[in-house]
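Numbers for residues simply follow the sequence, beginning at 1. Computed over heavy atoms, backbone and side chain alike; hydrogens, waters and symmetry mates excluded. This one's a predicted model, so the numbers in the text were calculated from it and none came from an experiment.
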Amino acid sequence: MNIKNIVPPNCYLKIIKNRNYRYLRLQFKDFSTLLLTAPKHISEKECLNFLQDNKEWIATQINSQSQITYTLLEEKIFLFGEWIDFKDTSIQKLWQEFISTTTPSLTIKTKLQEFYQKELHSYIQLSLQHWCSLMNLYPSQITYGKSIKQLGCCYSKSHKIRFSLKLSLIPKALIDSVVIHELAHIKYPNHQKEFWELVLTYDKNPKNIHLWFRENHSFNLYLYKRIFKN
């Protein structure tokens, strides 16, 4: 049984086992994260069978989310977690062309993606300049990707850090949290006690990003897919 035939690739499956759990249970934390909780003694095969038995329900939930649409403003653009005024008439025209149709051309989407990456890169550079100096931790290289699941990823051997373009749609203070988190991985590859002690030295509220996504996830995911998924 292949889990890819049950859970779509753009949906992250998280399995948590605990001896206090009495039953297998499925729930969506958000529509890109499927949470399966299970008693400690339940095997991986039993988990897969449970997923298979609920395959239709999973598909229905994901499909219902894909049908949701939002009204996008013409006179403003959504950047860093808020609607802001246009600073460039060419970007304004690009944005208005983008939202005028449900299927914008690849050229329009590519130009819009380039705009968001440029804006994100500019802020990431400022954030890194500040936090690298304070933490005395420096990445060897910065790259960008389109991951929905991971906002950032630090490669332990090379110390390269890849940031998701999804960050361009969240508040700057939360981007700082991701930057601090990934810089800490340069020193501690895993999430051990020392890692969190280091993070908490510079980020007093690292859970704020989860709280923000809990309230804003649906719109954020909708806009992210419209802009960055070709």
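- The closest donor-acceptor contact from the side chain of Lys17 to the backbone of Ile42 lies under 3.5 Å.
- The shortest distance between side-chain heavy atoms of Leu174 and Leu151 does not fall below 4.5 Å.
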Stepwise, does the side chain to side chain contact (heavy atoms under 4.5 Å, CB included) test hold for Leu51 with Leu13?
CA-CA 10 Å; Leu51 287 168; Leu13 174 65; 3.7 Å; yes

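- Here the side chain of Ser133 pairs no donor or acceptor atom with the backbone of Gln129 at under 3.5 angstrom.
- Note that CD of Gln117 and CZ of Phe163 are 12.5 Å apart. Values are rounded to the nearest 0.5 Å.
- Cluster annotation: Phe219 and Ile99 are assigned to the same hydrophobic cluster (Ile/Leu/Val/Met/Phe/Trp/Tyr, side-chain heavy-atom contacts under 4.5 Å, transitive).
- Between Glu182 and Pro139 the shortest side-chain heavy-atom distance does not fall below 4.5 Å.
- For Arg162 (side chain) and Gln150 (main-chain N/O), no donor-acceptor pair under 3.5 Å exists by modelled atom type.
- A donor-acceptor pair is defined here as one N or O able to donate and one able to accept, closer than 3.5 Å; such a pair exists between the side chain of Asn216 and the backbone of Trp212.
- For Gln192, the CD atom is densely surrounded, since the number of other residues' heavy atoms within 6.0 Å is greater than 12.
- Rounding to the nearest 0.5 Å gives a distance of 11.0 Å between CD of Glu44 and CG of Asn49.
- In terms of heavy atoms, Ser168 sits closest to Tyr116 at OG-CD2, 3.4 Å.
- A 4.5 Å side-chain heavy-atom check between Glu194 and Lys187 finds every atom pair outside the cut-off.
- Taking each heavy atom of Lys166 and Ser147 in turn, the nearest pair found is CB-O, 4.3 Å.
- Cluster annotation: Tyr70 and Leu79 are assigned to the same hydrophobic cluster (Ile/Leu/Val/Met/Phe/Trp/Tyr, side-chain heavy-atom contacts under 4.5 Å, transitive).
- Atoms NE2 and CG, on His181 and Leu198 in that order, are 11.0 Å from each other to the nearest 0.5 Å.
- Lys40 contributes atom NZ, which lies 7.5 Å from atom CZ of Arg19 (distance to the nearest 0.5 angstrom).
- Using cut-offs of 30° and 60° for the angle between ring planes, the Phe228 and Tyr224 rings count as tilted.
- Judged by distance alone, the side chain of Gln92 and the main-chain N or O of Glu75 form no donor-acceptor pair under 3.5 Å.
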One pair to check against side chain to side chain contact (heavy atoms under 4.5 Å, CB included): Asp176 and Tyr202. What are the steps and the verdict?
CA-CA 10 Å; Asp176 288 341; Tyr202 301 97; over 6 Å; no

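- Taking the side chain as every heavy atom from C-beta outward, Thr89 and Lys93 never approach each other to under 4.5 Å.
- Summarising the geometry of Phe195 relative to Ala184, their closest heavy-atom pair is CE1-CB, 3.4 Å, with the distance given to 0.1 Å.
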Residue pair Asn208, Ser177: steps toward the side chain to side chain contact (heavy atoms under 4.5 Å, CB included) verdict:
CA-CA 9 Å; Asn208 278 351; Ser177 291; 5.8 Å; no

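- Hydrophobic clustering (ILVMFWY, side-chain heavy atoms < 4.5 Å, transitive): Phe78 and Tyr222 are in one cluster.
- Residues Leu223 and Leu72 meet the side-chain proximity criterion, which asks for heavy atoms closer than 4.5 Å.
- Taking both residues in full, the closest heavy atoms of Trp83 and Leu73 are given as CH2-N, 3.5 Å, listed atom of the first, atom of the second, then distance.
- Residues Leu134 and Leu126 fall into different hydrophobic clusters, defined by Ile, Leu, Val, Met, Phe, Trp and Tyr side chains chained together at heavy-atom separations under 4.5 Å.
- A donor-acceptor pair is defined here as one N or O able to donate and one able to accept, closer than 3.5 Å; no such pair exists between the side chain of Ser127 and the backbone of Ile124.
- Between Phe213 and Asn220 there is a side-chain heavy-atom pair separated by less than 4.5 Å.
- Asp203 places a side-chain N or O within donor-acceptor distance of the main-chain N or O of Asn205, the cut-off being under 3.5 Å.
- Considering SG of Cys132 and CD1 of Ile186, their distance stands at 6.5 Å, rounded to 0.5 Å.
- Side-chain atoms of Gln96 come within 3.5 Å of backbone atoms of Glu74 as a donor-acceptor pair (strictly under, hydrogens ignored).
- By the rule that hydrophobic residues join a cluster once side-chain heavy atoms approach within less than 4.5 Å of another member, Leu211 and Val178 end up as members of separate clusters.
- Ring centers of His185 and Tyr155: at least 6.0 Å apart, outside the cut-off.
- Counting only distance, with no hydrogens or angles, the side chain of Lys109 and the backbone of Ser105 share no donor-acceptor pair below 3.5 Å.
- Counting only heavy atoms from C-beta outward, the side chains of Val179 and Tyr123 never approach each other to under 4.5 Å.
- Smallest separation of non-hydrogen atoms from Tyr21 and Thr37: CE1-CB, 3.8 Å.
- The minimum heavy-atom distance linking Ile175 with Leu167 is given by the pair CD1-O, 3.3 Å.
- Between the side chain of Asp88 and the backbone N or O of Ser90, at least one donor-acceptor pair lies under 3.5 Å.
- With rounding to the nearest 0.5 Å, the separation of CZ in Phe115 from CG in Leu120 is 11.0 Å.
- Atom NZ of Lys157 has 12 or fewer heavy atoms from other residues, nucleotides or ligands within 6.0 Å.
- Contact check for Thr201 versus Ile180: no side-chain heavy atoms found under the 4.5 Å cut-off.
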Verify side chain to side chain contact (heavy atoms under 4.5 Å, CB included) between Ile148 and Lys225, making sure each step is shown before the conclusion.
CA-CA 9 Å; Ile148 290 180; Lys225 286 182 175 180; 4.1 Å; yes

